[in-house]
Amino acid sequence: MASPSPPILPISNPPHTTAPTAASAQSQPPIATPAFRAFINQISESVRHGLSQRRPWAELVDRNAFCKPESFSEAALRVRKNYSYFRVNYLTVIALILAFSLLSHPLSLLLLLVLLASWLFLYLFRPSDQPLVLFGRTFTDRETLGLLIVFSVVVVFLTSVGSVLISALLVGLAIVFAHGSFRDPEDLFLDEQEPAATGLLSFLGGAASNAAAAAAPVVAARV
């Protein structure tokens with residue numbers, strides 16, 4: 001009599017792990033997403049807070065308040081008082097002139113966007129554990145920083161970007177000083193505005209400091 005065959009046990013294949021490949025490494029996000037989101041949020045919050053402090057545009061262009069200054073010292077005093085009251089409006093006008101100038105020169109706008117994107121994605125918010133690889137060559141952080149500095153100098157000084165930005169800034173400043181000189185500030189409530197006026201770039205300085213705070217942890221990881 002034949003003996004019964006032993007029972008057949010099910011065999012399960014153990015899960016096997018594979019070493020991370022180049023394809024999986026490339027699937028990782030190219031930038032430090034949380035830091036980049038914090039950077040964008042800081043910029044948006046600063047701009048939103050600044051625009052909330054702007055004065056009514058009708059008050060800025062009130063024709064009844066314009067008159068010729070009697071002397072240069074009076075004109076300078078008017079500019080200081082008007083800037084202390086209309087500084088957000090003035091900065092908005094300068095920003096609009098810059099935007100219009102760049103939109104009128106598409107090549108300059110494209111070069112400026114490429115420059116900004118290069119700094120953001122290749123250095124500031126690139127994960128520190130992912131080296132930059134271009135054309136099969138791996139670049140260190142110092143080499144990447146040097147290349148970006150050279151690229152910035154070339155874009156700003158050897159193309160039309162620098163001249164477009166400088167000319168737009170000069171036009172904006174000329175409009176601001178002309179308005180500040182001829183706009184009589186006697187009807188403005190300046191008592192509560194004087195302590196808040198800390199300089200021409202106070203509003204921009206606050207936005208820049210917030211953006212720098214958001215980018216600081218990423219930059220510190222590279223040093």
Side-chain angles (χ1 to χ4, degrees), residues 29-33 35-51 54 79 83 86-128 130-135 137 139-180 199-216 218-220 222-223:
I31 60 174
T33 306
F36 184 72
R37 288 178 179 174
F39 175 79
I40 297 299
N41 291 336
Q42 290 282 2
I43 292 293
S44 301
E45 188 65 26
S46 299
V47 172
R48 191 180 301 111
H49 175 69
L51 291 179
R54 70 182 182 274
V79 169
Y83 169 73
F86 292 115
R87 64 183 180 277
V88 176
N89 302 72
Y90 285 159
L91 291 172
T92 303
V93 170
I94 294 176
L96 291 176
I97 293 174
L98 279 171
F100 177 78
S101 181
L102 287 172
L103 290 174
S104 302
H105 300 79
L107 180 59
S108 299
L109 177 61
L110 178 62
L111 289 174
L112 186 60
L113 291 177
V114 170
L115 177 62
L116 294 177
S118 300
W119 276 101
L120 291 177
F121 294 100
L122 298 183
Y123 187 78
L124 291 178
F125 297 104
R126 178 175 54 84
S128 58
Q130 294 185 11
L132 177 64
V133 180
L134 292 176
F135 305 107
R137 186 183 186 282
F139 294 87
T140 64
D141 286 339
R142 290 183 179 273
E143 292 174 336
T144 303
L145 179 61
L147 289 175
L148 288 174
I149 292 175
V150 172
F151 182 52
S152 301
V153 172
V154 171
V155 169
V156 174
F157 295 102
L158 299 183
T159 67
S160 59
V161 173
S163 61
V164 169
L165 293 178
I166 292 175
S167 59
L169 282 175
L170 291 177
V171 171
L173 290 176
I175 293 175
V176 167
F177 282 107
H179 178 275
L200 181 61
L201 299 179
S202 58
F203 167 65
L204 295 180
S209 62
N210 292 334
V218 182
V219 177
R222 303 182 182 279
V223 178

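These figures come from a predicted structure and were not determined experimentally.
Taking all atoms of both residues into account, the shortest heavy-atom contact from Ala168 to Ile97 is O-CG2, 3.6 Å.
Within the model, atoms OG of Ser152 and CZ of Phe157 stand 10.0 Å from one another, a figure rounded to the nearest 0.5 Å. For the atom pair CG of Asp141 and CG of Leu122, the computed distance is 11.5 Å after rounding to the nearest 0.5 Å. The CG atom of Leu111 lies 11.0 Å from the CG atom of Leu116; values are rounded to the nearest 0.5 Å. Note that CD1 of Ile149 is 4.0 Å distant from CG of Leu145, once rounded to the nearest 0.5 Å.
Under the side chain to side chain contact (heavy atoms under 4.5 Å, CB included) criterion, Val133 pairs with Thr138, sequence neighbours left out. Evaluation of the side chain to side chain contact (heavy atoms under 4.5 Å, CB included) rule for Leu109 yields Leu102, Leu103, Leu113 as partners, not counting sequence neighbours. Every side chain to side chain donor-acceptor pair (under 3.5 Å) that Arg48 has, sequence neighbours left out, goes to Glu45. For Arg137, the side chain to side chain contact (heavy atoms under 4.5 Å, CB included) criterion is met by Phe139, Glu143, not counting sequence neighbours.
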Tabulate below the donor-acceptor pairs under 3.5 Å that side-chain atoms of residues 169-177 make, not counting sequence neighbours, or state none.
none

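Phe86 and Tyr90 have tilted rings, their planes meeting at an angle from 30° to 60° on a 0 to 90° scale.
The shortest side-chain heavy-atom distance between Leu147 and Phe151 does not fall under the 4.5 Å cut-off. Using a 4.5 Å heavy-atom cutoff, the side chains of Leu110 and Val114 are in contact.
Listed by first and then second residue, the side-chain hydrogen bond (donor to acceptor under 3.5 Å, both in side chains) pairs that reach into residues 92-113 are Ser108-Ser160, sequence neighbours excluded.
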